[in-house]
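Numbering of ligands and ligand atoms starts at 1, following listing order.
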Amino acid sequence: MKRSNSSRLFSIAKKVMPGGVNSPVRAFNAVGGDPIFIQKAKGACITDVDGNDFIDYVGSWGPLIAGHAHPNIVSAITRQAQLGTSYGATTELEIELAEKVVQAVPSLDVVRMVNSGTEAVMSALRLARGITGRDKIVKFEGCYHGHGDSLLVKAGSGLLSLGTPDCPGIVSSLAEKTLNLPYNNIEKVRELFDAQGKDIAALIVEPIAGNMGVILPQPGFLKALREVTQKAGALLIFDEVITGFRVSLGGAQKIYGVTPDITCMGKIIGGGLPVGAYGGSRAVMDHISPVGSVYQAGTLSGNPLAMAAGNEMIDLLSQTGVYESLEQKSEKLCEGLKNNVASLGISAQFTRVGSMFSMFFTDQKIADYDSVKTCDTNFFSKYFNGLLEEGVYIAPSQFEAGFMSTVHTDEEISLTIEASRKALAAALG
Ligand code: HOZ
């Protein structure tokens, strides 16, 4: 497969952008080789600048649950662009999207739109600290909540992929306020809260971890987090930036029946445009300025293009049968992948909730950061590059999720399974 145009662009990009990219995982450092540069995308297919087509399971890292350039979303953005791209003032589109989000997500009465998941989480932490008057935050190893200073401690996603679990440049007095625990370990949570509960403002968790690959919460884990935080007077924050509108219209909280105090969202609710949001009960959100005194603002917050795209996206997902269809497609793909590894005698673990899934190259049961770190990342690199050669694009890291869209066809899924078999066989050598 010719990739000389991508390589040429990458060498130019490195001169003017750090590592040639605007977000680290895109540089392919974890898998070797030059990243592909994208020219266009439609449906489940992306095309690079050398004219190669790939069946895409990255979906812009989650937002594109309806595929690339969905006609309804493109029309909504185009229509709105002709009316203006940003006003820095309130629009009816924002009310529409807020109403849809509040109606779908069980814990929300009120929602504030921001511009990214990172911003949503940073704002949620400030809100929790503002409400409680406490400083400490509890998070889990391998969970990733964006690049806010308080959270780059043993974080997942790019930090895990690049083997840099902690980040220089974080004020030590702030890093000390972040307490890290192993995911799925409720005993450790109880111990910590018994010792320091009165100083803890919030516990933040991805209710389904999606940034060290997909890891499901063990039965009772989220409910126990709810009980422990409530008892300590700390807030429970669900980071549903990935899972919101992905695993169900009401996110992971709907599936597991646990109600957090604050929910952070992003990705899907912007229909592929930059967006984030955080929300909760009216009592919690009334602490936010201008009602309350916890300040948070943004020139492009509630941007009309993003609101138009988000409204259209939620309408698409609200149609009957969407999540059932996503479930069937994802099951078909993952069953095919499982058969491949079984027939080739490869040790792998599979995790999936609805349309988010992972295949981990390890013989260890996957439950937390330590278990995912047992994966054979060299084998993953070979597999990734083999898949690319076969015309399938997955995230360039063992520690990221795969995403199915509503527009992946049966034929594309079958082609993917066959491509995966070939890539696995080639990786075995
Ligand atoms: N942190 C994102 C994945 N979990 C990567 C975003 C990007 O590189 O675009």
Side-chain angles (χ1 to χ4, degrees), residues 6 10 13-14 17-31 33-38 41 46 48 54 56-65 68 114-122 139-149 151-167 183 204-215 239-247 252 264-276 306 351 353 355-358 360 369 372 375 377 380 384 393-405:
S6 280
F10 191 45
K14 281 190 280 194
M17 290 148 66
V21 291
N22 279 315
S23 191
V25 193
R26 297 179 197 176
F28 280 28
N29 285 8
V31 288
D34 292 344
I36 51 169
F37 277 63
I38 312 300
I46 53 172
D48 71 8
F54 302 91
D56 177 25
Y57 293 94
V58 181
S60 188
W61 306 90
L64 299 182
I65 193 166
H68 293 274
V114 291
N115 294 292
S116 68
T118 291
E119 204 187 323
V121 167
M122 283 163 48
K139 74 174 279 291
F140 292 99
E141 294 165 2
C143 282
Y144 177 73
H145 305 287
H147 60 88
D149 277 359
L151 295 158
L152 291 182
V153 186
K154 277 204 173 179
S157 193
L159 292 101
L160 178 55
S161 306
L162 302 174
T164 51
D166 302 320
C167 171
Y183 194 73
I204 183 163
V205 63
E206 290 181 85
I208 300 163
N211 283 290
M212 45 181 162
V214 175
I215 302 187
D239 180 340
E240 297 230 41
V241 171
I242 290 180
T243 53
F245 294 90
R246 164 63 63 183
V247 293
C264 299
M265 285 169 293
K267 298 196 190 269
I268 289 176
I269 58 163
L273 268 66
V275 96
T351 54
V353 181
S355 59
M356 57 189 280
F357 52 86
S358 284
F360 295 98
Y369 185 74
V372 297
C375 287
T377 49
F380 177 85
F384 171 85
Y393 181 54
I394 62 169
S397 164
Q398 170 72 91
F399 307 117
E400 298 281 359
F403 297 108
M404 182 67 75
S405 81

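With S116 contributing its side chain and G276 its backbone, the two residues share no donor-acceptor pair below 3.5 Å. In this structure, R246 contributes its side chain and M356 its backbone to no donor-acceptor pair below 3.5 Å. One N or O on the side chain of E206 and one on the backbone of Y144 form a donor-acceptor pair closer than 3.5 Å.
Listed by chain and number, S23, R26, W61, Y144, S157, N211, E400 each place a non-hydrogen atom less than 4.0 angstrom from ligand 1.
Around NE2 of H147, the count of heavy atoms belonging to other residues, nucleotides or ligands within 6.0 Å does not exceed 12.
The minimum heavy-atom distance linking E119 with N115 is given by the pair OE1-N, 3.1 Å. Shown here for F360 and Q398, the closest heavy-atom pair between the two residues is CA-NE2, 3.5 Å.
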